[in-house]
Novice: 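One structure follows; several queries about it will come next.
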Amino acid sequence: MATFIQAPHPQLKVAIELPDADFSSGRASEATVQIKRTMLGRVITYPKSSDRQTLRLTFLLTRKKDLQLIDFLLVYQSAELRLELHDGTSWAAKLTGREVPKTGVGAHDNDNQLTGDETIRVILVFSALELT
Amino acid sequence: MTSQLGASQLGVSQLGSGTTDGGNPLNQTVNQSLGLVGTATYIPIINVLASNRLGLNAGQTVTSQFVVVATGNVLGLVASTGYHQEISIIQYLGFTSRVFANAANVLGLENAQRVNEAVIVSAQNNMLTGGGKALRIEVASNNLGLTNVAFPNNLQSASNQLNFTEVVDLDDQAYAFGVTQSMFKQHVSYTIRNSRDSQDLKYAPLIGSSDNTDFPELPTVGPTLSTGILTLTHPFVSPTLTLILRNPDFGNTDVINFTRIDRDTRGGDRKIFSDPKWAQWERLTLPITNICTVTDGNIIAFLNASLGEKIGLLDWEGRQWKGIIVNPETDVVELSGGFSVRLVFEGEIVP
């Protein structure tokens with residue numbers, strides 16, 4: 001399996017294939033709630049529901065794939081993207097934040113997936129709507 | 001002795017009818033061998049033709065079975081341009097002037113190729129199903145051609161069954177392939193093991209076509225990387241100061257920054273807009289340790305001289321950057337192995 005990021009959604013033209021996201025990736029609802037209490041202890045909640053979820057995906061990439069990701073993001077960082085994740089789910093997503101942090105984590109030898117070159121850990125955060 | 005072409009042909013016919021000897025098969029065994037000595041360029045052809053014709057009375061059950069064992073033993077072979085063993089079996093089951101309750105036309109094949117102490121440049125098997133594995137075969141191809149025909153005539157129940165299994169075992173290869181083909185469906189299964197050509201590891205953009213012209217074209221090939229040593233120059237145009245450091249340690253970071261508008265609507269939608277002309281830059285954080293080529297005074301002098309101005313940075317992959325050092329106040333620490341500094345650089349790659 002692999003992770004695909006396609007753009008722009010829905011008039012898809014380009015795609016980048018990434019390996020599956022690492023463990024420690026996760027997702028969270030974007031729903032929020034504000035809680036107020038009256039002086040006499042009554043609790044009033046102000047929920048803000050949302051169908052969107054925040055996807056935080058961590059990838060371990062080869063240097064070449066990292067360079068491709070940079071070129072891809074520099075062009076499509078503001079576009080709506082289509083994500084195809086390892087679990088078969090599809091998302092209409094937008095890259096959030098102003099930063100995409102990446103860390104060089106060193107070479108991996110005898111790795112089943114990577115080729116022994118330098119590897120880069122990339123964290124991508126999306127605000128996404130699951131496609132049915 | 002020399003021979004250009006060798007051939008041996010033996011035809012056998014067996015006819016049985018009426019009662020059998022209590023169920024024992026009527027056997028006919030054929031052995032044929034072709035011996036060649038001396039230096040020769042030859043193609044030995046051994047043909048064995050066998051047919052069974054059985055006449056039955058009402059109520060009898062009979063099994064017509066052909067067992068063909070073709071064995072090629074290549075002995076004393078020092079060097080060979082090729083060894084070719086081919087087995088072709090055509091089985092017909094024909095019914096005339098009879099009514100059978102059940103009839104089955106079954107074709108079962110087994111061909112095993114065993115090579116002992118021989119180096120085969122090219123080996124070809126027709127109908128290879130399981131069996132032995134050659135020791136050293138540089139080129140091996142398997143061809144399986146089968147025709148299974150039943151001509152029923154006034155049958156109440158007939159079974160025409162064709163079974164075959166193809167196994168390809170490739171050790172130490174990047175790919176293992178299995179193909180099964182039948183009348184109704186075809187599928188291919190493959191496994192990629194430790195392949196450097198995997199799409200998720202290399203620079204391999206997937207680019208289609210679209211009428212949307214809002215975005216510039218993606219590059220189809222990645223940048224060319226070489227090796228180098230981290231070098232800072234100031235000013236960027238016509239540099240007069242050069243600082244050669246060591247390449248940064250693992251754990252260096254590269255953060256891509258964009259200029260864009262990010263809004264949440266009341267309906268829960270997220271709107272993001274960015275003009276392609278708006279600024280995009282990368283921030284490099286470079287921890288460098290064990291610097292012995294320059295002193296801490298050289299490093300601080302360079303940081304003071306380039307304060308707030310654009311400098312050139314040639315990185316360890318041979319790529320030229322243009323940008324600013326954003327932390328001139330950073331500490332330059334002297335350790336047992338040399339000097340240590342953590343530089344933060346913001347800029348973009350010079351095309």
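Predicted model, so just to flag it, every value in this text is computed and none were measured. Throughout, a chain's letter reflects where its sequence line sits, starting with A, and its residues are numbered from 1. Values reported hereafter were calculated over all heavy atoms of this structure, with side chains retained and with hydrogens, waters and symmetry mates removed.
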Novice: Ring pair (Phe, Tyr, Trp, His ring centres under 6.0 Å) with A:F72: which residues, sequence neighbours excluded?
Specialist: A:Y76
Novice: More than 12 heavy atoms of other residues, nucleotides or ligands under 6.0 Å from CD1 of B:I244: is that the case?
Specialist: no
Novice: Which residues pass the ring pair (Phe, Tyr, Trp, His ring centres under 6.0 Å) test with B:F273, not counting sequence neighbours?
Specialist: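 If we apply the ring pair (Phe, Tyr, Trp, His ring centres under 6.0 Å) test to B:F273, skipping adjacent residues, the hits are B:W278.
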Novice: Taking everything shown except B:I229 itself, do over 12 heavy atoms lie less than 6.0 Å from its CD1?
Specialist: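 Atom CD1 in B:I229 is not packed in, count stays at 12 or less.
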Novice: Rounded to the nearest 0.5 Å, how far apart are OG of B:S209 and CG of A:L12?
Specialist: 11.5 Å
Novice: Hey, are the side chains of A:V14 and B:P205 touching, using non-hydrogen atoms and a 4.5 Å cut-off?
Specialist: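 They are not in contact (no side-chain heavy atoms under 4.5 Å apart), so the answer is no.
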Novice: Would you name the heavy atoms of B:Y203 and A:D71 that are closest together and state the gap between them?
Specialist: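 In this case the closest contact between B:Y203 and A:D71 is OH-OD2, 2.6 Å.
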Novice: Would you please name every residue forming a salt bridge (Lys or Arg N to Asp or Glu O under 4.0 Å) with A:E84, sequence neighbours left out?
Specialist: A:R82
Novice: Between the side chains of A:K13 and B:E217, is the shortest nitrogen-to-carboxylate-oxygen separation below 4.0 Å, so that they form an ion pair?
Specialist: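 Looking at A:K13 together with B:E217, the answer is yes, because their closest N to O distance falls below 4.0 Å.
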Novice: Can you check whether anything in residues 317-338 of chain B gets within less than 4.5 Å of chain A, heavy-atom wise, and list it by number?
Specialist: B:E317, B:R319
Novice: Are side-chain heavy atoms of A:P8 and B:F215 found at a separation under 4.5 Å?
Specialist: yes
Novice: Which region of A:A7, side chain (C-beta onward) or backbone (N, CA, C, O), has a non-hydrogen atom less than 4.5 Å from a non-hydrogen atom of chain B, or is it both or neither?
Specialist: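 No part of it gets close to chain B.
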Novice: Could you report the tightest heavy-atom contact between A:V75 and B:P216, atom names first, then the distance?
Specialist: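 For A:V75 and B:P216, the tightest heavy-atom pair comes out as CG1-O, 3.6 Å.
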Novice: Decide yes or no for B:I256 and A:L74: does some side-chain heavy atom of the first lie under 4.5 Å from some side-chain heavy atom of the second?
Specialist: yes
Novice: Using a 4.5 angstrom heavy-atom cutoff, name the option from B:P223, B:P276, B:P248 with the most pairs to chain A.
Specialist: B:P223
Novice: If we only count heavy atoms from C-beta on, is the B:K202 to A:Q68 side-chain gap below 4.5 Å?
Specialist: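 No, side chains not in contact.
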Novice: Could you tell me which portion of A:E80 (side chain, backbone, both or neither) has an atom closer than 4.5 angstrom to a non-hydrogen atom of chain B?
Specialist: neither
Novice: As an exercise: rank A:Q11, A:Q77, A:K65 by heavy-atom pairs under 4.5 Å with chain B and give me the winner.
Specialist: A:Q77
Novice: Would you call B:D269-A:R52 a salt bridge at under 4.0 Å N-O?
Specialist: yes
Novice: Which region of B:I261, side chain (C-beta onward) or backbone (N, CA, C, O), has a non-hydrogen atom less than 4.5 Å from a non-hydrogen atom of chain A, or is it both or neither?
Specialist: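 Neither part, no heavy atoms under 4.5 Å.
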Novice: When rounded to the nearest 0.5 angstrom, what is the spacing between OG in A:S78 and NZ in B:K271?
Specialist: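 Nearest 0.5 Å value for the OG-NZ distance: 13.0 Å.
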Novice: Under a 4.5 Å heavy-atom cut-off, does chain B meet the side chain of A:L95, its backbone, both or neither?
Specialist: both
Novice: Checking A:I70 against B:D254 for the side-chain contact (heavy atoms from CB on, under 4.5 Å) test, could you report, in this order, the C-alpha distance in whole Å, the side-chain angles of both residues, the deciding distance, and whether it holds?
Specialist: CA-CA 10 Å; A:I70 292 173; B:D254 179 2; 4.1 Å; yes
Novice: Return yes if some donor-acceptor pair links the side-chain N/O of A:K64 with the main-chain N/O of B:G222 below 3.5 Å, else return no.
Specialist: no
